[in-house]
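Structure, as structure tokens:
We name chains A, B, ... by the order of the sequence lines, and we start the count at 1 in each one.
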Number of protein chains: 2
Amino acid sequence: MITAMARAATTSDAFNAIAEPQRRDILTLLRSGERPVTDVAEELGMSPSRASKHLRVLREVGLVRLRGAGKQHFYGLDARGLRPVHEWLGGFEEFWAGSFDRLDAYVQDLKRTQED
Amino acid sequence: MITAMARAATTSDAFNAIAEPQRRDILTLLRSGERPVTDVAEELGMSPSRASKHLRVLREVGLVRLRGAGKQHFYGLDARGLRPVHEWLGGFEEFWAGSFDRLDAYVQDLKRTQED
DNA sequence: TGATCATATTCCGTTATCGGAAAACGTCAA
DNA sequence: TTGACGTTTTCCGATAACGGAATATGATCA
């Protein structure tokens, strides 16, 4: 039972998971191929335990997959989990160019307001 | 001076700002035009104070602009702030189709591992 | 079995979110 | 000035992320 809500868990969403810069770095790194925890940690300059924790979060939201048992674990990218983010963002692309116009309108409006 | 780091502030990033579902809803709503706080609150079923707080976060990261002084405030979308998110995501698009193949490979691998 | 390497988890303290409720501003009209 | 409306802020309690350090688990090889 939930008593009080604070910020949503990092593991609740791809949106929340990628809010952390280091986790984005991990995903970016994994674009070039699978890697064991140690490599991730070393290449991104973080402690193995930290890397492991971040990878756990990414695994829980399905952005990363663990392959291979035994001593060697390989983490690989599963970018499908980013689709919801991309889809949500897609609705805004048309606004990027337009935003400049809208900013112009805003500035014009501001001028008018101050002149009045 | 920073003593200990917790989760990054919601206002530090577009990434952090859009991690909250209600803030995404607000941005989506504002695609159809500017709105005063009350309207946002009502249309999304949240208290005015909550809406105002969310809008403040969005304003601080530059995703939203405040127009008009006086009693009537109008909040409008400034989607340019989403560009960093889109750009980061862009690097992964090529992987979405590929991810299925990679999943196949993963499953094959799993089979092999379990047979051994 | 015991040592060693690779990963994962737990413990700790600090910080900041989130919602609701209540109170504080700020503006405009009577 | 008083009152009403629209908006923002403050206070509160509960939750949990984050890093580092230490510890635990797990697998492999001598």
Side-chain angles (χ1 to χ4, degrees), chain A residues 1-26 30 34-61 64-76 113 116, chain B residues 1-26 30 34-61 64-76 113 116:
Chain A
M1 194 199 304
I2 292 150
T3 309
M5 248 166 304
R7 202 168 177 179
T10 54
T11 52
S12 58
D13 243 17
F15 286 96
N16 280 279
I18 67 168
E20 161 67 43
Q22 305 219 62
R23 282 196 287 267
R24 289 200 299 278
D25 291 343
I26 290 177
L30 292 181
E34 295 179 334
R35 286 205 179 44
V37 176
T38 316
D39 285 21
V40 171
E42 198 170 332
E43 297 205 49
L44 298 179
M46 60 178 95
S47 72
S49 101
R50 191 102 292 271
S52 177
K53 284 181 202 170
H54 280 316
L55 284 163
R56 190 200 210 290
V57 173
L58 293 171
R59 183 161 28 106
E60 285 191 40
V61 296
V64 137
R65 291 195 165 270
L66 186 52
R67 184 179 69 83
K71 197 151 84 176
Q72 286 282 57
H73 294 194
F74 284 92
Y75 279 96
T113 304
D116 291 348
Chain B
M1 192 198 306
I2 293 149
T3 311
M5 248 168 301
R7 201 170 177 179
T10 55
T11 52
S12 58
D13 241 19
F15 286 97
N16 279 279
I18 67 168
E20 162 67 43
Q22 306 218 61
R23 282 196 288 267
R24 289 200 299 278
D25 292 343
I26 289 177
L30 293 181
E34 295 179 335
R35 286 207 180 43
V37 177
T38 316
D39 285 20
V40 171
E42 199 170 332
E43 296 206 49
L44 298 178
M46 60 176 95
S47 73
S49 102
R50 190 101 293 271
S52 177
K53 284 180 203 170
H54 280 316
L55 283 164
R56 189 200 211 293
V57 172
L58 292 171
R59 185 162 27 108
E60 285 191 39
V61 296
V64 138
R65 290 192 169 272
L66 186 52
R67 183 179 71 82
K71 198 150 82 174
Q72 285 283 56
H73 294 195
F74 284 91
Y75 280 97
T113 305
D116 291 348

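The side chain of B:Ser52 lies closest to D:dT7 when the candidates are D:dT7, C:dT17, C:dA8. Of all nucleotides listed (C:dA21, D:dT7, D:dA17), D:dA17 comes nearest to the side chain of A:Thr10.
In this entry the distance linking CZ of A:Arg56 with C1' of D:dC18 reads 15 Å, nearest Å. Taking atom CG on A:Leu58 and atom P on D:dA17, their separation rounds to 13 Å, with Å as the unit. When the P atom of D:dA16 is taken as reference, atom CZ of B:Arg7 falls 10 Å away, rounded to whole Å. Between B:Leu66 atom CG and C:dG26 atom P the separation is 15 Å, expressed in whole Å. Residue A:Glu34 contributes atom CD, which lies 18 Å from atom P of C:dA6 at whole-angstrom precision. Regarding A:Arg59, its CZ atom lies at a distance of 9 Å from the C1' atom of C:dA8, rounded to whole Å.
Shown for residues 36-49 of chain A: residues whose heavy atoms fall under 4.0 angstrom of DNA chain C, namely A:Pro36, A:Val37, A:Thr38, A:Ser49. Of the residues in residues 13-26 of chain A, those with a non-hydrogen atom less than 4.0 angstrom from any atom of DNA chain D are A:Glu20, A:Gln22, A:Arg23.
Neither OP1 nor OP2 of D:dA17 sits under 4.0 Å from any side-chain N or O of A:His54. Proximity of A:His73 to the phosphate of C:dA8: a side-chain N or O atom is located under 4.0 Å from OP1 or OP2. Look at B:Tyr75 and you'll find a side-chain N or O under 4.0 angstrom from OP1 or OP2 of D:dT8.
Within the 4.0 angstrom heavy-atom criterion, no nucleotide atom of any strand lies near B:Phe74. Nucleic acid contact class of A:Ala9 (heavy atoms, under 4.0 Å, all strands): sugar-phosphate only.
In A:Glu42, the CD atom is not crowded: 12 or fewer heavy atoms of neighbouring residues, nucleotides or ligands sit closer than 6.0 Å. By the 6.0 Å contact criterion, CD on A:Glu43 is enclosed, its count of non-hydrogen atoms from other residues, nucleotides or ligands being greater than 12.
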Sequence neighbours left out, cut at 3.5 Å: what donor-acceptor pairs do the side chains of residues 5-19 of chain B make with other protein atoms?
{"from": "B:Arg7", "atom 1": "NH1", "to": "A:Ala8", "atom 2": "O", "distance (Å)": "2.9"}
{"from": "B:Arg7", "atom 1": "NH2", "to": "A:Ala8", "atom 2": "O", "distance (Å)": "3.1"}
{"from": "B:Arg7", "atom 1": "NH2", "to": "A:Asn16", "atom 2": "OD1", "distance (Å)": "3.1"}
{"from": "B:Ser12", "atom 1": "OG", "to": "B:Ala9", "atom 2": "O", "distance (Å)": "2.6"}
{"from": "B:Ser12", "atom 1": "OG", "to": "B:Asn16", "atom 2": "ND2", "distance (Å)": "3.4"}
{"from": "B:Asp13", "atom 1": "OD2", "to": "B:Asn16", "atom 2": "ND2", "distance (Å)": "3.4"}
{"from": "B:Asn16", "atom 1": "OD1", "to": "A:Arg7", "atom 2": "NH2", "distance (Å)": "3.1"}
{"from": "B:Asn16", "atom 1": "ND2", "to": "A:Ala19", "atom 2": "O", "distance (Å)": "3.3"}

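The base of C:dT10 lies close enough to the side chain of A:Lys53 for a donor and an acceptor atom to sit less than 3.5 Å apart.
A:Leu30 CG to A:Phe74 CZ: the interatomic distance, rounded to the nearest 0.5 Å, is 12.0 Å. To the nearest 0.5 Å, the span separating CD on A:Glu20 from CG on A:Leu58 amounts to 9.5 Å.
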List the steps and the verdict of side chain to side chain contact (heavy atoms under 4.5 Å, CB included) for A:Met46 and A:Ile26.
CA-CA 11 Å; A:Met46 60 178 95; A:Ile26 290 177; 4.2 Å; yes
Apply side chain to side chain contact (heavy atoms under 4.5 Å, CB included) to B:Leu66 and B:Tyr75, showing your working.
CA-CA 5 Å; B:Leu66 186 52; B:Tyr75 280 97; 3.7 Å; yes
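The two residues B:Ala41 and B:Ala51 have their closest heavy-atom pair at CB-CB, 3.9 Å.
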